[in-house]
Amino acid sequence: MSPTAIALDVGGTYIKGAAVAEDGSLRHTERWFTRAERGPEAVLETVLDCAAELAGRFRPAAAGIAVPGIVDEPAGTAVLAANLGWHDLPLRHWLSEHLGIPVAFGHDVRAGGIAEARAGAGRGSRNFLFVPVGTGIATALMVDGRPLTGSHTRAGELGHLVVRPGGEPCACGGRGCVETFASASAIARRYTAATGERYVTAQQVAERAATGDRTAAAVWQEAVDALADGLASAVTLLDPERVVIGGGLARAGEPYFAPLREALAARLTFQAMPQLVPAELGHEAGCYGAGLLAQDLLAAGVAP
């Protein structure tokens, strides 16, 4: 089946590309270096070039693009993507004009939630949270298969719930946010601060914790506890039936999920304990979701 849509997921390190067939399946994936250090205009040119390369190869009827940061999805604008240097960039307009086809525009995590809802670990669940845990922590609040954006398109910032008041400063300007303990970068940073050893990854901290490294175990448990505190607040407010954890830490498997389930359950009283499961689509989720958004345009009758 020939691809009907192409998709891009623009990140600080890579631009991921995909072609999506009419039946919703991925038919092609690839990636290019973003090279954000060249500046915002150069990144935009690269995005347009990558999109044109995919469009020339597959001749799609529509395109989708997902970006990080603060986005205005109805307007198609990247309001603030700090790691790309973008401010109030009308990206959907630029891309549609460049390609000559309709373009769907979305937030990378919310696009990933859509993909997990339709083709991943969220299948069959009306209401769930998609929580990618990586350099930062964000959340897609999925309700009936669609992400809840909030009044100012900023819903889902689980990583910036304060769980340790007066704690470590966070990049958002707050202190003691979930992200300062539970993100992959925080785990690595906190282990380095405790041991003086540099260049240790969160995955290595997990492995060392499993083999009896007391410092690693303490850092790992602090991360689990902070995320459980954040999730407990989310569960209390939103009552999801499932929490889908993505990002690199989810690949740690049961050494991550077992203590996280236990910690979350210990924090709940009257609330229903949600299923806690790993994401299924990995790093392709955001790009896949952008392609599905493009197909939604076609299904809605938007003319090429």
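For this chain, numbers begin at 1 and follow the sequence in order.
- Residue Ile70 belongs to a hydrophobic cluster whose other members are Val79, Leu80, with links defined by side-chain heavy atoms closer than 4.5 Å.
- When all heavy atoms of Leu249 and Tyr256 are compared, the pair lying nearest together is O-CD2, 3.7 Å.
- One hydrophobic cluster, built from ILVMFWY side chains closer than 4.5 Å, cannot hold both Ile114 and Ile245; they sit in different ones.
- The backbone N or O of Leu276 sits less than 3.5 Å from a side-chain atom of Arg261, completing a donor-acceptor pair.
- For Arg123 (side chain) and Ala119 (main-chain N/O), a donor-acceptor pair under 3.5 Å exists by modelled atom type.
- Counting only heavy atoms from C-beta outward, the side chains of Glu284 and Lys16 never approach each other to under 4.5 Å.
- Both Leu237 and Leu148 are assigned to one and the same hydrophobic cluster, defined by single-linkage of ILVMFWY side chains at heavy-atom distances under 4.5 Å.
- Listed for the Glu262 side chain is no donor-acceptor partner under 3.5 Å among the backbone atoms of Phe257.
- The CG atom of Leu141 sits 10.0 Å away from the CD atom of Glu157 when rounded to the nearest 0.5 Å.
- You'll find the side chain of Gln295 reaches within 4.5 Å of the side chain of Thr4, heavy atoms only.
- As a member of the Ile/Leu/Val/Met/Phe/Trp/Tyr network built from side-chain separations under 4.5 Å, Val162 groups with nothing else and remains a singleton.
- Within the 4.5 Å cutoff, side-chain heavy atoms of Val10 are placed close to those of Trp86.
- Every pair passing salt bridge (charged side-chain N to carboxylate O under 4.0 Å, His left out) that includes a residue from residues 100-117 is listed here, sequence neighbours excluded: Glu73-Arg110.
- Aromatic pair Trp220/Tyr191: centroids not less than 6.0 angstrom apart.
- Rounding to the nearest 0.5 Å places CE of Met142 at 8.0 Å from CZ of Arg118.
- With a 4.5 Å cut-off on side-chain heavy atoms, Ile65 and Val47 count as touching.
- Within a 6.0 Å sphere centred on CH2 of Trp32, heavy atoms belonging to other residues, nucleotides or ligands number more than 12.
- Both Val224 and Leu227 belong to a common hydrophobic cluster when Ile, Leu, Val, Met, Phe, Trp and Tyr are linked at side-chain heavy-atom distances under 4.5 angstrom.
- The closest donor-acceptor contact from the side chain of Glu179 to the backbone of Ile137 lies under 3.5 Å.
- Checked by atom type, the side-chain pair Thr236/Gln271 shows a donor-acceptor distance below 3.5 Å.
- In this view, Glu207 satisfies the side chain to side chain donor-acceptor pair (under 3.5 Å) rule with no residue, not counting sequence neighbours.
- The main-chain N or O of Phe181 is never found under 3.5 Å from a side-chain atom of Glu168 such that the two would form a donor-acceptor pair.
- No more than 12 heavy atoms of other residues, nucleotides or ligands shown are found within 6.0 angstrom of CD on Glu41.
- Looking only at distances, a side-chain donor or acceptor of Tyr288 sits under 3.5 Å from a matching main-chain atom of Gly24.
- Residues satisfying the side chain to side chain donor-acceptor pair (under 3.5 Å) test with Arg175, not counting sequence neighbours, are none.
- Inter-residue side-chain proximity for Arg242 and Pro274 is flagged as unmet; no heavy-atom pair is nearer than 4.5 Å.
- Of the inter-residue distances, the one linking Leu95 atom CG with Ile101 atom CD1 reads 7.5 Å to the nearest 0.5 angstrom.
- Side-chain contact between Ile6 and Leu99 is present, with heavy atoms from C-beta onward closer than 4.5 Å.
- A chain of hydrophobic side-chain contacts below 4.5 Å, direct or via other Ile, Leu, Val, Met, Phe, Trp or Tyr residues, connects Leu281 to Leu293.
- Side-chain contact between Val205 and Thr201 is absent, with no heavy atoms from C-beta onward closer than 4.5 Å.
- Here the OG1-CZ distance, from Thr13 to Arg35, works out to 13.0 Å after rounding to the nearest 0.5 Å.
- In this structure, Thr34 contributes its side chain and Tyr14 its backbone to a donor-acceptor pair below 3.5 Å.
- Heavy atoms only, all atoms of each residue included: Val43 and Ala36 are closest at CG2-CA, 3.7 Å.
- When the side chains of ILVMFWY residues are joined at heavy-atom separations under 4.5 Å, either directly or via intervening members, Met273 and Phe130 end up in two distinct hydrophobic clusters.
- In this structure, Asn127 and Asp239 have side chains that are not in contact, with every pair of non-hydrogen atoms separated by 4.5 Å or more.
- Closest approach of Ala226 to Val178, counting heavy atoms only: O-CG2, 3.9 Å.
- Judged purely by distance below 3.5 Å, without hydrogens or angles, the side chains of Arg38 and Thr46 pair a donor atom with an acceptor atom.
- A donor-acceptor pair under 3.5 Å is formed between the side chain of His107 and the backbone N or O of Val109.
- Partners of His28 by ring pair (Phe, Tyr, Trp, His ring centres under 6.0 Å), not counting sequence neighbours, listed by chain and number: Phe58.
- With Arg92 contributing its side chain and Pro74 its backbone, the two residues share a donor-acceptor pair below 3.5 Å.
- Side-chain contact check for Arg27 and Ser25: at least one donor-acceptor pair (N or O, by modelled atom type) lies under 3.5 Å.
- Distance check: Cys177 SG to Arg164 CZ gives 11.5 Å after rounding to the nearest 0.5 Å.
- Closest heavy-atom contact between Val20 and Gly291: CG2-CA, 3.9 Å.
- Between the Thr77 side chain and the Asp72 main chain, no donor and acceptor come within less than 3.5 Å of each other.
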